Number of protein chains: 2
Amino acid sequence: MTAGATQPAVRATLEDVARAAGVSLATVDRVVNRREGVRAKTVARVEAAVAKLGYRADVAAARLARGHSFRFAFVLPSGSNSFMTSLTEQVQRTADWLAGQRGFIDIHHVDVFDPDVLASALENLSPAYQGVAVIALDHPRVRAAIDELTARGVAVVTLVSDAPSSRRLHYVGIDNPAAGRTAATLMGRFLAGQGGTVAVIAGSLSLRDHTERQFGFHQILSSEYPNLRALPVIEGRDDSERTRELTATLLARHADLRGIYCCGAGNRGIADALEASGRARDVVWITHELTQYTRRFLVRGTLDAIINQDPGHEARSAARVLLAHCMEEPISHDQERIRIDIFLRDNLP
Amino acid sequence: MTAGATQPAVRATLEDVARAAGVSLATVDRVVNRREGVRAKTVARVEAAVAKLGYRADVAAARLARGHSFRFAFVLPSGSNSFMTSLTEQVQRTADWLAGQRGFIDIHHVDVFDPDVLASALENLSPAYQGVAVIALDHPRVRAAIDELTARGVAVVTLVSDAPSSRRLHYVGIDNPAAGRTAATLMGRFLAGQGGTVAVIAGSLSLRDHTERQFGFHQILSSEYPNLRALPVIEGRDDSERTRELTATLLARHADLRGIYCCGAGNRGIADALEASGRARDVVWITHELTQYTRRFLVRGTLDAIINQDPGHEARSAARVLLAHCMEEPISHDQERIRIDIFLRDNLP
DNA sequence: CAATTTTTGAGGTACGCAACTAAAATTCTG
DNA sequence: CAGAATTTTAGTTGCGTACCTCAAAAATTG
């Protein structure tokens, strides 16, 4: 048995460092917190002592002493599908957690699909906020609002949907073109050796994430799976009833329809239409977001795969990124990267 | 724009509560921490004040005052494949993070594949540890060692590989039978409509996780994909060279070999044999764990899918669970559940 | 060398809570 | 109803750090 680097039983304090370096507490404090007014020679001596004793500031004590507190706004959609409901719930949970760390989250519900409404909401945000997380729209007015917040020193992270050309600090969400490519690869491989047509249903092509997904999907489908022909994209407006009708029409018109990729919401409509047609087993259906409904369709076999982003992870990540920025701490990119989850019936959580 | 529940600008402290309830700090402290020695009437008065002011304990101040510190042992394998190397690295990172929170992690490297060595390592662990994370073996001696630690009041979590019949506090790892089923579903669907044989390569069938994976794999393959015939399981002992030879033999013997599922390590050997045979494109190969090697094989197209568990998540989760247990705090099961990731070329992180 | 600037030391306070001691209020006992 | 036993409450201290002040020491300048 090999013991790893055993650490000291009890941590060194600032005072220990001061004693070891033969200087006063105040000097150690200046060095550790990179304040000026210390000779290079003394700095070196203190840093040596820090290294020797393995000194690490106690975060609890530091936070207490600093006494900072933070206030963040989360701007979420007022209209709600299952995913957004779940996201809101996770943000609420994150808020509870943050409340113990001197962080306060206010949730603002706005119609994020209207650029003007969203932009004014951002513009009228109380100046009390040090950070804002927003489901963004990639639109000039929204971009301007984000840039203005940033210019005022407010940290802005985009959540789920990005505004890449803005000055936002960070994007918390998945790589949507890659998600579309992932769906295409699954579709192509599940339909290996078969020919036919594949339908793509989006919520709206004015939503950046939906556009990016269908772009990625088409990219792979056309280059890798020439046996499959993609039909023109249909806009279901994330509405179940409308999506049901569109799907029913598709099924009626295209006897050779072998696949459906839905890169938005409205899944209940697709399931209804598919099951009513009796072709549920013959058509490969791939969609986004694990919800109580899509889970059921997947278990039942109507749905073949779900591409998912974890709203819990996204909510926590947004809060962590904002907090780290405010405390001038680095973030761990590994931990903050939002994965493109693939769920089959067998690996559902 | 609807504002959510706006929280007070600055949080209430214990003293605010004491003043509001007309009692002393000490009394509030007893009520909040559920100590006894307070009349029911007073308790009610304090709780009302807590509710009214929305008091939440400041975790930083609480930790500082309590002054507790914790020491955990992580027992990891001394022999190393890529996954274990990566896990060790992540544990090291987690240790750095924990060091700021009064938590100390010592890493012990032992031969975890020998039950006796592993059991003695656990038995001889310093009594200074309040918690232990161990890559377990499901063996009577190991189980006994875990149970003894638990009896001594040490929190034990099993990591990556479980010992379900022991009294361990928690298992941090994936559901291995489900992972095997996931692999089988991918295999079956990628080979839809084709007949042929499928090989299963395990590291060793005496490892519980490998056995469980191949069990799940066979379960789904035989029930759902009768067109595919599984060959007897081969043991590659997680050794690349041996695995290469075995794979080459397989390819030579079975002209109708259409799939390979590797539920252990030794992937470099499989890649070599597959590429040398010229049948890399015709054989569906699915394996576990994303490493620098498997990533390359996936990108190149030799490998078709990776079933992954995130070592970073596992290391952090183990530390969080131990820490929460020691501080008698609840854990968020959502966040601690280790997902079965599926990686295709398109959704690689 | 005196005047000035830079660097360092000593000490203190505050942060919000936990845990301890001592004192007060209440209940019980004979 | 006094005095003891018990329950309930008040007061205090310390955790490790950040940040502040004031003065002393050292280095630099004219």
Side-chain angles (χ1 to χ4, degrees), chain A residues 8-47 49-50 53-70 99-104 326-329, chain B residues 8-47 49-50 53-70 99-104 326-329:
Chain A
V10 69
R11 59 182 322 138
T13 71
L14 262 194
E15 245 186 274
D16 298 329
V17 175
R19 211 172 310 120
V23 299
S24 76
L25 246 176
T27 304
V28 179
D29 176 58
R30 289 186 191 103
V31 174
V32 169
N33 293 322
R34 309 190 181 295
R35 283 189 266 275
E36 49 190 25
V38 184
R39 244 178 320 193
K41 217 175 68 181
T42 315
V43 171
R45 210 150 37 112
V46 172
E47 280 177 345
V50 165
L53 298 180
Y55 170 79
R56 303 260 273 105
D58 183 316
V59 295
R63 279 203 194 164
L64 183 59
R66 238 186 289 263
H68 291 173
S69 73
F70 306 105
Q101 329 251 332
R102 300 181 125 80
F104 303 100
C326 289
M327 310 209 306
E328 297 180 326
E329 282 171 1
Chain B
V10 69
R11 60 185 320 142
T13 72
L14 261 194
E15 242 184 278
D16 299 327
V17 176
R19 210 174 312 118
V23 298
S24 77
L25 248 178
T27 304
V28 180
D29 175 58
R30 285 189 201 93
V31 174
V32 170
N33 294 324
R34 308 191 181 293
R35 284 190 269 274
E36 49 191 23
V38 185
R39 245 177 317 199
K41 217 176 65 182
T42 315
V43 171
R45 209 148 38 111
V46 172
E47 280 177 344
V50 166
L53 299 179
Y55 169 79
R56 302 260 274 110
D58 182 316
V59 295
R63 278 202 195 164
L64 182 59
R66 237 187 290 264
H68 289 173
S69 72
F70 305 105
Q101 329 249 334
R102 301 180 123 79
F104 303 100
C326 288
M327 311 209 308
E328 296 179 329
E329 282 172 1

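Quick note on labels: first sequence line is chain A, next is B, and so on, each numbered from 1. Quick caveat, the model's predicted, so the values are computed rather than measured.
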**Q** A:Val32 near the nucleic acid: base, sugar-phosphate alone, or nothing, with a heavy-atom cut-off under 4.0 Å?
**A** nothing
**Q** Could you pull out every donor-acceptor pair under 3.5 Å between side chains of residues 30-43 of chain A and any protein atom, sequence neighbours left out?
**A**
{"from": "A:Asn33", "atom 1": "ND2", "to": "A:Asp29", "atom 2": "OD1", "distance (Å)": "2.8"}
{"from": "A:Arg35", "atom 1": "NH2", "to": "A:Asp29", "atom 2": "OD1", "distance (Å)": "3.0"}
{"from": "A:Arg35", "atom 1": "NH2", "to": "A:Asp29", "atom 2": "OD2", "distance (Å)": "2.5"}

**Q** Report the distance from atom CZ of A:Arg56 to atom C1' of D:dG16, rounded to the nearest whole Å.
**A** 15 Å
**Q** Under 4.0 Å between a side-chain N/O of B:Thr27 and OP1 or OP2 of D:dA10, yes or no?
**A** yes
**Q** Could you write out each protein N or O paired with an N or O of nucleotides 22-27 of chain D at a distance under 3.5 Å?
**A**
none

**Q** Base, sugar-phosphate or nothing for B:Ala57? Non-hydrogen atoms, less than 4.0 Å.
**A** sugar-phosphate
**Q** Report yes if at least one side-chain N or O of B:Ser24 is closer than 4.0 Å to OP1 or OP2 of D:dT9; otherwise report no.
**A** no
**Q** Could you give the CZ-to-P distance, from A:Arg66 to C:dG16, as a whole number of Å?
**A** 15 Å
**Q** Which nucleotide wins on minimum distance to the side chain of A:Ala61, given the candidates D:dT9, D:dT17, C:dA18?
**A** D:dT17
**Q** For D:dT17 and A:Arg63 - does any side-chain N or O of the residue sit under 4.0 Å from the phosphate oxygens OP1/OP2?
**A** no
**Q** Atom CG of A:Leu64 and atom C1' of D:dC19: how far apart are they, to the nearest Å?
**A** 13 Å
**Q** So which heavy atom on B:Gly100 is nearest to which on A:Arg56, and how close?
**A** N-NH2, 4.0 Å
**Q** Could you give the CD-to-C1' distance, from B:Glu15 to C:dA18, as a whole number of Å?
**A** 14 Å
**Q** Among the candidates C:dC15, D:dT17, D:dC15, find the nucleotide nearest to the side-chain atoms of A:Arg102.
**A** C:dC15
**Q** In degrees rounded to 10°, what angle is found between the helical axes fit to the five outermost pairs at each end of the helix from C:dC1-D:dG30 to C:dG30-D:dC1?
**A** 30°
**Q** To the nearest 0.5 Å, tell me how far B:Thr13 OG1 sits from B:Leu53 CG.
**A** 9.0 Å
**Q** With sequence neighbours left out, write down each residue that passes side chain to side chain donor-acceptor pair (under 3.5 Å) with B:Arg63, or none if nothing qualifies.
**A** B:Gln101
**Q** Nearest whole Å is fine: how far is D:dG14 P from B:His68 NE2?
**A** 18 Å
**Q** I need the CG-P distance between B:Leu14 and D:dG11, as an integer number of Å.
**A** 15 Å
**Q** Does a nitrogen or oxygen in the side chain of B:Thr42 sit under 4.0 Å from OP1 or OP2 of D:dT9?
**A** yes
**Q** Would you please name every residue forming a side chain to side chain contact (heavy atoms under 4.5 Å, CB included) with B:Ala57, sequence neighbours left out?
**A** B:Tyr55
**Q** Please state how far atom CD in A:Glu36 lies from atom P in C:dT6, giving the value in whole angstrom units.
**A** 10 Å
**Q** For nucleotides 11-14 of chain C, print each protein N/O atom paired with a nucleotide N/O atom at under 3.5 Å, atom names and distance only.
**A**
none

**Q** Can you list the residues that meet the side chain to side chain donor-acceptor pair (under 3.5 Å) rule with A:Arg102, with sequence neighbours excluded?
**A** B:Asp58
**Q** Taking atom P of C:dT7 as reference, at what distance in whole Å does atom CG of A:Asp29 sit?
**A** 17 Å
**Q** For residues B:Ala61 and A:Leu64, report the shortest heavy-atom separation together with the two atoms involved.
**A** CB-CD1, 3.7 Å
**Q** Residues in side chain to side chain contact (heavy atoms under 4.5 Å, CB included) with B:Ala62, at least two apart?
**A** B:Arg66
**Q** Got a sec, which pairs hit side chain to side chain donor-acceptor pair (under 3.5 Å) with one end in residues 17-27 of chain B, sequence neighbours left out?
**A** B:Ser24-B:Thr27
**Q** Restricting to side chain to side chain contact (heavy atoms under 4.5 Å, CB included), what partner residues turn up for A:Ala18, sequence neighbours left out?
**A** A:Val28
